[in-house]
There are 2 protein chains.
Amino acid sequence: MTTEELILQAATRVCQEKGFAAARMDEIAKEAGINRALLHYYFRSKEKMFDIIFAVKFKAFFSGVAGIFQAEISIFDKVTALVDLELSVISQNPELPLFIIGELNRNPERLIKMMQKNNVNMAAILVQLEKQLHEEYLAGTIKKFTAYAFVLNIMGLCLYPFIAKNLIIHIVGVDKEKFLEFVSGRKQEITDFIIAGMKA
Amino acid sequence: MTTEELILQAATRVCQEKGFAAARMDEIAKEAGINRALLHYYFRSKEKMFDIIFAVKFKAFFSGVAGIFQAEISIFDKVTALVDLELSVISQNPELPLFIIGELNRNPERLIKMMQKNNVNMAAILVQLEKQLHEEYLAGTIKKFTAYAFVLNIMGLCLYPFIAKNLIIHIVGVDKEKFLEFVSGRKQEITDFIIAGMKA
DNA sequence: GTCTATAAGGTGATAGAC
DNA sequence: GTCTATCACCTTATAGAC
């Protein structure tokens, strides 16, 4: 592993845990086992380093999701595919949702740029989704749902357990690994729950 | 309004928006229209001031919820009551969930102390809930659910839209007030969705 | 109670030796 | 490339006048 990769890995850990404002260049350097000045040699500034970290995490968070939304499959198949993808991706990276959401306030423009760069047009996706939901409603397969409700329900059920991970761990005093194992293993249960809730 | 209340109000706004690490005493002072030294006169330190803010917000977040969990009503009535309470409380304070969750990492002990101080024993609540869920499952009214799943599903569906508020606003370019109005108005829809998903 | 001035320490970033 | 030393700035907190 190159020094640059080593630093980036350490920086990712620290930034994800603490957030940009609370993350310290000194802590990142120590975590990487190198000197603080070397961080600036490779990345010039904290902000630029954070940009790179955010871009990687953003891709992990969104890649694949847009494709499923736009696929020509039934709405129930979309539910299954979305739950499967989200839980798979986030299980590998439990801090991801809170990191993205938490850092958003500080620099919303960054997110918008990322969306454009990755060719994700969420407004267009929602319009298309709205059409499909309406058609399936008319066909009698599902109850009436807006595209917003559809997305929020799926994301809420999949992501919230990871977002509230530390809250739950500390409140009920459960083991972190056990908890993550539990929420990651709920693919079928969540999928069934959503489909049962949507069926006409 | 006393100066102390004025400061606390300004401090709450800034801390909730920026988080502890990014919040600046100077910004709070300006927001309150007073001098920075006066903050320390009233609250001694940033940390102590934050303690007070957090305690108030914590109570708003948890008060009532424990009571519903422990009430002697059917599981469907609990769903209805919980969704109603959560959406009512959070609608009045959309930043609340992310604030509590986001600040947790920095000081988990604070949360544990709050739970004890407010006499909320979540572990005991979950045991009791588990019992009820099992009984209603045996009675044939609902599918099999763990207490964890029950709580996570409800909280995810109610809270996630507020947690991801800024993500959604920026991604789809929707108006903030419109969005909050929409998610706050989903009480019936979410309740129906959950009950449909749980029914045997 | 409220202010100005300032101390004390932390933090990102750079200079320059090796 | 990697280090030590250091600058320049920012932020919390206090001292002391009014």
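Atoms considered below: every heavy atom in the structure, side chains included; atoms not considered: hydrogens, waters and symmetry mates. Here is the naming used below: chain letters follow the sequence lines, and residue numbers restart at 1 for every chain.
Regarding contacts with the backbone of D:dG1, every side-chain N or O of A:Thr3 stays at 4.0 angstrom or more from both OP1 and OP2. For B:Tyr41 and D:dT14, the shortest distance from a side-chain N or O to OP1 or OP2 is not below 4.0 Å. Within the 4.0 Å cut-off from OP1 or OP2 of C:dT11, not a single side-chain nitrogen or oxygen of A:Arg36 is found.
Side-chain proximity of A:Arg24 to D:dA13, C:dT11, C:dC3: nearest is C:dT11. In this structure, the nucleotide among D:dT14, C:dA13, C:dT2 sitting nearest to the side chain of B:His40 is D:dT14. Listed nucleotides: D:dT2, C:dT2, C:dG12. Nearest to the side chain of A:Met25: C:dG12. Listed nucleotides: C:dC3, D:dT4, D:dT2. Nearest to the side chain of A:Ala37: D:dT4.
A:Arg44 comes within contact range of the sugar-phosphate backbone alone, with a heavy-atom separation under 4.0 Å but no base atom that close. A:Ala23 comes within contact range of the sugar-phosphate backbone alone, with a heavy-atom separation under 4.0 Å but no base atom that close.
Residue B:Asn35 contributes atom CG, which lies 12 Å from atom C1' of D:dA13 at whole-angstrom precision. When the P atom of C:dT4 is taken as reference, atom CG of B:Asp26 falls 12 Å away, rounded to whole Å. Following rounding to the nearest Å, A:Glu4 (CD) and D:dT2 (C1') show an atom-to-atom distance of 15 Å. For the pair A:Leu38 CG and D:dT4 P, the interatomic distance rounds to 11 Å; values are reported in whole Å. Rounded to a whole Å, the CG atom of B:Leu39 is 15 Å from the P atom of C:dG1. Here the P atom of nucleotide C:dA13 and the CZ atom of A:Phe43 are 13 Å apart, to the nearest Å. Across the protein-nucleic acid pair, B:Ile28 atom CD1 and D:dT12 atom P stand 8 Å apart, rounded to whole Å. In this structure, B:Lys46 atom NZ and D:dT14 atom P are separated by 15 Å, rounded to whole Å.
Taking a 6.0 Å sphere around CZ of A:Phe76, one finds it holds more than 12 heavy atoms contributed by other residues, nucleotides or ligands.
Scanning all heavy atoms of the two residues, the minimum distance from B:Ala11 to B:Ile53 falls at CB-CD1, 3.6 Å. Of all non-hydrogen atoms in B:Phe145 and B:Met198, the two that sit nearest each other are CE1-CA, 3.7 Å.
In this structure, B:Arg186 fails the cation-pi test against A:Tyr148, since its NZ or CZ atom is not both closer than 6.0 Å to the six-membered ring centre and inside 45 degrees of the ring normal.
Atom-to-atom distance recorded for B:Gln16:CD and B:Ile100:CD1 is 8.5 Å, nearest 0.5 angstrom.
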